Engineer: 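Sharing a structure, written as structure tokens. Questions coming.
Here is the naming used below: chain letters follow the sequence lines, and residue numbers restart at 1 for every chain. Treat the numbers as computed from the prediction; the structure is a model and nothing was measured.
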Amino acid sequence: MDTLHGAFPFPVSLELVTVTTPELPTQYTPADVETRSYERWVAEGYFHADPGSSRTPYTIVLPPPNVTGSLHIGHALDHSIQDALTRRARMLGHETLWLPGMDHAGIATQNVVERELAKQGRSRHDLGREAFVERVWEWKEESGGKILGQMRKLGDGVDWARERFTMDEGLSRAVLTMFKKLYDDGLVYRAERIINWCPRCLTALSDIEVEHSEDEGELVSIRYSDEIVVATTRAETMLGDTAVAVHPSDERYAHLIGTTVELPLTGRRIPVVADEHVDPAFGTGAVKVTPAHDPNDFEIGRRHSLPSMTVMDERGVITAHGPFEGLDRFEARPAVVAALRAEGLIVEEKRPYLHSVGHCSRCKTVVEPRLSLQWFVNVGPLAKAAGDAVRDGRTSIHPPEMAKRYFDWVDDMHDWCISRQLWWGHRIPVWYGPNGEVVCVGPDETPPEGYVQDPDVLDTWFSSGLWPFSTLGWPERTPELERFYPTSVLVTGYDILFFWVARMMMFGLYAMDGEPPFRVVALHGMVRDQYGKKMSKSFGNVVDPLDWIERFGADATRFTLLRGANPGADVAISEEWAAGSRNFCNKIWNATRFALMNGAAVGSLDGADLTAADRWILSRLQSVITAADAALDGYEFAKASELLYHFAWDEVCDWYLELAKIQLGEGLDHTRLVLGQVLDALLRLLHPLVPFVSEELWRALTGAESIVVAAWPKADPRYRDPGAEAEIAALQEVVTEVRRFRSDQGLKPGQKVAARLGLAGSSVEGQERAIRALLRLTEPAETFSATARLTVGDVTVEIDTAGAIDVEAERKRLEKDLAAARKEAAQAAGKLGNEQFMAKAPAEVVTKVRARADQAAADIARLEAQLAALKV
RNA sequence: GGGCGGUUAGCUCAGCGGUAGAGCACUCGCCUUACAAGCGAGGGGUCACUGGUUCGAACCCAGUACCGCCCACCA
């Protein structure tokens, strides 16, 4: 057996080698691999979807990135998932459309460009509306170009011919059509309401564009009369109070309802009204009412026909005549308190006082509730339909726990303020006549003479809400729309479940006759750093996908993200993980290289005389295919990645390749076919996760054109072989046990030792050559004298370590094992002696425990014998 | 103020009723001719806490404590 490792073990004929071995460099270099394939894929049209195809469609619309900058690592996660899904769907035989595009991102992009202008000391007003919008378009071209470049680097298999932008001609038309349709159906209206106002951006914001945070404020109580004290954190708004409200059944104030009090500092008299909204248990039970500057107060005002008195302008500057006029709201607040204190009207001050304060999600400025005339969507019927579609399963949300959040939101949704006092966006298609006439103008209509268009633009989420069908040609009934709507799955972060998903549901159901925009919503989490911390520029833990692509490769970057991607869960990543993923790609690379060096080929195995090792790896492969399908069907990318990682590394590389070396050395040429078959399937399984390296290797292995259009592996039950799996499992156990012995004895891995194997009648009877080769065990010589005897299962291995054995180390090891075996035996015996366990536990569990007890008993006997032998 | 989720090896996380797992990190030994981005072996956890259900609990139930996220018009 010595010869097995002494000689070159690959007696492969020369012709075969020269014919079938393509050039694969010894070292995997992602940059080389990844520049080769992408443009070819695009040129071959693999990503181009044909609406005329007879295949079942599979559609994903890319959540359009904002044109505010470039893609971050979170986009990379989002894209990796979608690419994995579409690539697999394509391999499964679907007509696959992954539609790319970008979002104009109204307020966000306008702010970015305004900041750029500010660096030159200019504002948008210096340019004027038209020139400013022109300027934003230039920015869009630049930012958009960057994003497209990043998508190519990532390997996104999108249909470039169908790339869209929310402000391109077709989509703008869809926006106008939708607005008009809603208007005609009475689902958009204009009204004066209290809305969230950003005094810096100078625009209205919707509820979801406001972020709340616990800020420190000051709650002051102000004496309005001898009997009435009110509390407020916004003292400056008292200038606009037009009433004091108390609860109708609050006896303390019953006699005051209907009377008036004098509003301090102003000399105005305001009424005391009774309103259910007031909580008599909170504070003094009396509330100041400022209808123009607080949404609740606005409602109270409406119920009691109170006047609204605006005391602040759009920048948050006090406009009320008097000493405070011209002060900013945050200057006016302490000034008003000081003035009240001077009059002895401040009753009590409580500080610090933490309360929730709204901030503009774009610029963090404290939002000011403001009374203004805006456009709204009446969301009632739309939101109901959006909720129902998920409730009745027409659309399902993954993971299902997230659905509750969705319901909470759509079931209790305020009307949606859609007008924005911005310049960048879709201008509201409403014209006003000289006498206040209002006309909503459809895309093909012309406004009446002398009418003036509304200056505002629509909330950016209005156009985003149309994305799943506007991109397919709506309102035209295009072949694409007929074929690819509804989309198969929407992949996005849980953070925009409300912002975006709910809006697409509302609009999709409404515009497409009750057909929801997607069958499945697959939510992923946020990308975080290795400590689970949010990535932020100020913290310096931001990962730039391009940086990783350069250093580890796009495949490794993607694989790292997918390895962490459980449904709805955040993904923690680090450079160590990226390096690990790169190493994995390298592992696959070298495994394939090895196979090719040995003439691996894809072909029929019919009639081949397969060994147990061959049958084992083929059997395992079938299980892996089945498990991978289950994981991917459930959007469990972490599970799928882990599964394939371990199959490839632990089973294929660590065991099968080693066993294959032996077989090849023995001239079992069919081994090349098994290698080919296993790697072929493995690479196809891996392709959705690591598209570039799998393409490169698969082409080298098969000579076929592209793995992109290869078929997805299908588990073949004929290859299931529990017998072979058991045999190789036993072999692994023997090999591992003896390796452990060798390692404990300090035997160098390469050092050969003589051994006598007792395999007759054992579960690995036919594996002597493999066991000897893997363990560097030579045949016993005539002078053989065993210094150690190991028993593993039904196998005995006697080894002559020729004096190299460390008796003390061996005793220690045996004693440790013995202790473990005794503990094991005691545990099992405890169970078997437990009447209730025996009575109630299922039979299979009892059998298992019994087997454990037997095994432990055998181990104890064996180890005791070995220890005794050692003492001699 | 409501709701949801988490607490398992040094770190990030799987496991979700029947012998505690992975990757990385760590220790020891190896350049064994696919791969040192590698190979082999090993150490390391009263599965947050307290009760309960069960023959049996990391897993189910109740409560507690921390942590995270989302929603919210209590001045």
Side-chain angles (χ1 to χ4, degrees), chain A residues 5 8-10 24 26-28 194 207 212 219 221 230-234 245 277-279 281-290 294-299 355-356 369 401-402 404-405 408-409 412 414 494-495 497-498 525-526 528-532 534 552 556 563-564 566 568-574 576-577 579-598 638-639 642 645-646 653-654 657-658 661 736 739-744 746-751 776 823-824 827-828 831 834-842 844-846 848-849 852 856:
Chain A
H5 279 264
F8 185 67
F10 315 124
L24 272 190
T26 50
Q27 185 92 28
Y28 162 64
I194 294 271
D207 291 346
H212 292 267
L219 183 69
S221 296
V230 299
T232 182
T233 53
R234 297 197 304 150
H277 169 261
V278 180
D279 176 1
F282 186 92
T284 60
V287 180
K288 62 191 274 306
V289 181
T290 323
D294 183 278
N296 290 315
D297 295 3
F298 180 75
E299 292 303 320
H355 67 310
S356 180
E401 305 91 81
M402 290 281 180
K404 190 167 169 8
R405 283 193 192 184
D408 284 348
W409 202 67
D412 184 28
H414 297 320
Y494 60 70
D495 56 330
L497 188 60
F498 311 132
M526 307 293 110
R528 292 168 178 276
D529 74 7
Q530 59 193 307
Y531 305 111
K534 218 177 222 171
F552 305 109
R563 271 165 99 183
N566 287 116
D570 288 346
V571 181
I573 58 164
S574 69
E576 285 73 28
W577 278 76
S581 302
R582 190 263 328 266
N583 295 353
F584 175 65
C585 294
N586 184 56
K587 191 75 181 173
I588 306 301
W589 179 273
N590 277 293
T592 308
R593 203 164 64 83
F594 165 82
L596 290 170
M597 282 168 53
N598 289 285
K639 195 179 267 185
E642 164 125 345
Y645 179 98
H646 285 292
C653 291
D654 287 351
L657 254 45
E658 295 306 317
K661 285 176 188 172
T736 301
R739 275 177 180 164
R740 187 147 73 102
F741 170 80
R742 291 188 57 127
S743 182
D744 289 345
L747 292 175
K748 304 287 180 207
Q751 188 176 337
R776 315 287 144 112
K823 191 177 159 196
E824 182 75 32
Q827 264 179 16
K831 287 207 167 187
N834 182 327
E835 278 175 39
Q836 285 173 311
F837 171 78
M838 296 307 285
K840 297 193 177 174
E844 69 208 57
V845 175
V846 175
K848 246 192 203 167
V849 173
R852 262 171 59 203

Engineer: Does B:C74 have a Watson-Crick or wobble partner in any strand here, with both distances under 3.5 angstrom, and which is it?
Structural biologist: none

Engineer: Over how many whole Å does the gap from A:Asp529 atom CG to B:G68 atom C1' extend?
Structural biologist: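 The answer, rounded to whole Å, is 14 Å.
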
Engineer: Using Watson-Crick or G-U wobble geometry with both distances under 3.5 Å, which nucleotide pairs with B:G68?
Structural biologist: B:C4

Engineer: Which base, if any, makes a Watson-Crick or G-U wobble pair with B:C31, both distances under 3.5 Å?
Structural biologist: none

Engineer: Measure the spacing between CH2 of A:Trp577 and CZ of A:Arg582 and express it to the nearest 0.5 Å.
Structural biologist: 15.5 Å

Engineer: In whole angstroms, how far is the C1' atom of B:C70 from the CE atom of A:Met402?
Structural biologist: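 For the pair A:Met402 CE and B:C70 C1', the rounded distance is 9 Å.
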
Engineer: From A:Asp297 CG over to A:Lys288 NZ, what is the distance, rounded to the nearest 0.5 angstrom?
Structural biologist: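 Rounded to the nearest 0.5 Å, the CG-NZ separation comes out at 6.5 Å.
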
Engineer: Expressed as a whole number of angstroms, how long is the span from A:Asn566:CG to B:A22:P?
Structural biologist: 18 Å

Engineer: Using a 4.0 Å heavy-atom cut-off, does A:Asp654 contact any base of the nucleic acid, only the sugar-phosphate backbone, or nothing at all?
Structural biologist: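 A:Asp654: backbone/sugar contact only, no base atoms under 4.0 Å.
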
Engineer: Please write out each protein N/O paired with an N/O of nucleotides 72-75 of chain B under 3.5 Å, distance rounded to 0.1 Å.
Structural biologist:
{"from": "B:A72", "atom 1": "N6", "to": "A:Ser356", "atom 2": "OG", "distance (Å)": "3.4"}
{"from": "B:C73", "atom 1": "O2'", "to": "A:Asn296", "atom 2": "ND2", "distance (Å)": "2.2"}
{"from": "B:C73", "atom 1": "N1", "to": "A:Asn296", "atom 2": "OD1", "distance (Å)": "3.2"}
{"from": "B:C73", "atom 1": "O2", "to": "A:Asn296", "atom 2": "OD1", "distance (Å)": "2.4"}
{"from": "B:C73", "atom 1": "O2", "to": "A:Asn296", "atom 2": "ND2", "distance (Å)": "3.4"}
{"from": "B:C74", "atom 1": "N3", "to": "A:Asp279", "atom 2": "OD2", "distance (Å)": "3.4"}
{"from": "B:A75", "atom 1": "O2'", "to": "A:Ala231", "atom 2": "O", "distance (Å)": "2.3"}
{"from": "B:A75", "atom 1": "N6", "to": "A:Asp279", "atom 2": "O", "distance (Å)": "2.7"}
{"from": "B:A75", "atom 1": "N6", "to": "A:Phe282", "atom 2": "O", "distance (Å)": "2.8"}
{"from": "B:A75", "atom 1": "N1", "to": "A:Asp279", "atom 2": "N", "distance (Å)": "3.3"}

Engineer: At under 4.0 Å between heavy atoms, what does A:Lys840 touch on the DNA or RNA strands: base, sugar-phosphate, or nothing?
Structural biologist: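 Result for A:Lys840 = base.
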
Engineer: For A:Pro842, which contact category applies under a 4.0 Å heavy-atom criterion: base, sugar-phosphate, or nothing?
Structural biologist: base

Engineer: Please measure how far the P atom in B:G3 lies from the corresponding atom in B:G44, and state the result in whole Å.
Structural biologist: 44 Å

Engineer: Should the side chain of A:Arg582 and the base of B:A37 be counted as holding a donor-acceptor pair, with the cut-off at 3.5 Å?
Structural biologist: yes

Engineer: Quick one: look up who B:G63 pairs with, Watson-Crick or G-U, both distances under 3.5 Å, and put none if it's unpaired.
Structural biologist: B:C49

Engineer: Can you see if the side chain of A:Lys587 gets near the phosphate of B:C39 - specifically, an N or O under 4.0 Å from OP1 or OP2?
Structural biologist: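 Answer yes for this pair, as a side-chain N or O of A:Lys587 is under 4.0 Å from OP1 or OP2.
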
Engineer: What distance do A:Cys653 atom SG and A:Phe594 atom CZ have between them, rounded to the nearest 0.5 Å?
Structural biologist: 10.0 Å

Engineer: What's A:Asn834 touching, base or sugar-phosphate or nothing? Going by heavy atoms closer than 4.0 Å.
Structural biologist: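 If one applies the 4.0 Å heavy-atom cut-off, A:Asn834 turns out to touch the sugar-phosphate alone, with no base involved.
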
Engineer: Donor-acceptor check, side chain of A:Arg742 to backbone of A:Lys748, threshold 3.5 angstrom: yes or no?
Structural biologist: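 Yes, because the side chain of A:Arg742 sits within donor-acceptor range (under 3.5 Å) of the backbone of A:Lys748.
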
Engineer: Between B:G40 and B:U32, how far apart are the C1' atoms? Round to whole Å, please.
Structural biologist: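 Nearest-Å result for B:U32 against B:G40 at atom C1': 10 Å.
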
Engineer: In whole Å, measure the gap between the P atoms of B:U64 and B:C24 for me.
Structural biologist: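 Roughly 41 Å separates the two P atoms.
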
Engineer: Looking only at side-chain atoms of A:Cys653, point me to the closest of B:A34, B:G23, B:U12.
Structural biologist: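 Looking only at side-chain atoms, A:Cys653 lies closest to B:A34.
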
Engineer: Checking contacts here: which listed nucleotide (B:C24, B:A41, B:U32) is nearest the side-chain heavy atoms of A:Glu576?
Structural biologist: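 My answer, after comparing the listed nucleotides, is B:C24.
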
Engineer: Starting at CD of A:Gln827 and ending at C1' of B:G18, how long is that distance when rounded to a whole Å?
Structural biologist: 12 Å

Engineer: Examine B:G18: is either OP1 or OP2 under 4.0 Å from a nitrogen or oxygen in the side chain of A:Lys848? Give yes or no.
Structural biologist: no

Engineer: Are OP1 or OP2 of B:A37 and a side-chain N or O of A:Asn590 less than 4.0 angstrom apart?
Structural biologist: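 No, because none of the side-chain N or O atoms of A:Asn590 sits under 4.0 Å from OP1 or OP2 of B:A37.
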
Engineer: Side chain of A:Thr736, heavy atoms from C-beta onward: which of B:G23, B:A34, B:A41 has the nearest atom to it?
Structural biologist: B:A41

Engineer: On the six-membered ring of A:Tyr645, is A:Lys587 placed so that its NZ or CZ lies under 6.0 angstrom from the centre and within 45° of the ring axis?
Structural biologist: no

Engineer: Taking the P atom in each of B:C60 and B:G17, what is the distance between them to the nearest angstrom?
Structural biologist: 8 Å

Engineer: Starting at CD of A:Glu642 and ending at C1' of B:G15, how long is that distance when rounded to a whole Å?
Structural biologist: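 Result: 10 Å.
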
Engineer: Any chance you could measure A:Arg405, atom CZ, to A:Leu497, atom CG, to the nearest 0.5 Å?
Structural biologist: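 One finds 8.0 Å between CZ of A:Arg405 and CG of A:Leu497.
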
Engineer: Starting the side chain at C-beta, find the nucleotide from B:C55, B:G40, B:A34 nearest to A:Arg739.
Structural biologist: B:G40

Engineer: Looking at B:A58, which nucleotide sits across from it as a Watson-Crick or G-U wobble partner, both distances under 3.5 angstrom, or is there none?
Structural biologist: none

Engineer: Give a yes/no answer on whether the side chain of A:Lys748 brings an N or O atom under 4.0 Å of OP1 or OP2 in B:C30.
Structural biologist: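 Result: yes.
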
Engineer: Tell me whether A:Lys639 is salt-bridged to A:Glu642, with the criterion being a basic N under 4.0 Å from an acidic carboxylate O.
Structural biologist: no

Engineer: A:Leu657 near the nucleic acid: base, sugar-phosphate alone, or nothing, with a heavy-atom cut-off under 4.0 Å?
Structural biologist: base

Engineer: Out of B:G18, B:A22, B:C69, which has the shortest distance to the side chain of A:Arg405?
Structural biologist: B:C69

Engineer: Output the rounded distance in Å from CG (A:Asp408) to P (B:C70).
Structural biologist: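 One finds 15 Å between P of B:C70 and CG of A:Asp408, rounded.
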
Engineer: How would you label the contact of A:Arg742 with the nucleic acid (heavy atoms, under 4.0 Å): base, sugar-phosphate, or nothing?
Structural biologist: nothing

Engineer: Using the C1' atom in both, what is the distance from B:A58 to B:C47, to the nearest Å?
Structural biologist: 4 Å

Engineer: By nearest atom, which of the nucleotides B:U12, B:C35, B:C55 is closest to the A:Trp577 side chain?
Structural biologist: B:U12

Engineer: What's the separation between atom CD1 in A:Ile573 and atom CG in A:Asp529, rounded to the nearest 0.5 Å?
Structural biologist: 8.5 Å

Engineer: Provide the distance between the two C1' atoms, one in B:A37 and one in B:G45, to the nearest whole Å.
Structural biologist: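 Nearest-Å result for B:A37 against B:G45 at atom C1': 30 Å.
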
Engineer: Classify the nucleic acid contact of A:Glu824 as base, sugar-phosphate or nothing, counting any heavy atom under 4.0 Å across all strands shown.
Structural biologist: base

Engineer: In whole angstrom, what separates A:Phe584's CZ from B:C39's P?
Structural biologist: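 Computing the A:Phe584:CZ to B:C39:P distance gives 12 Å.
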
Engineer: Can you tell me how far C1' of B:C39 sits from CG of A:Asn583, to the nearest Å?
Structural biologist: 14 Å

Engineer: Between A:Asn590 and A:Asn586, is there a donor-acceptor pair closer than 3.5 Å when you use the side chain of the first and the backbone of the second?
Structural biologist: yes

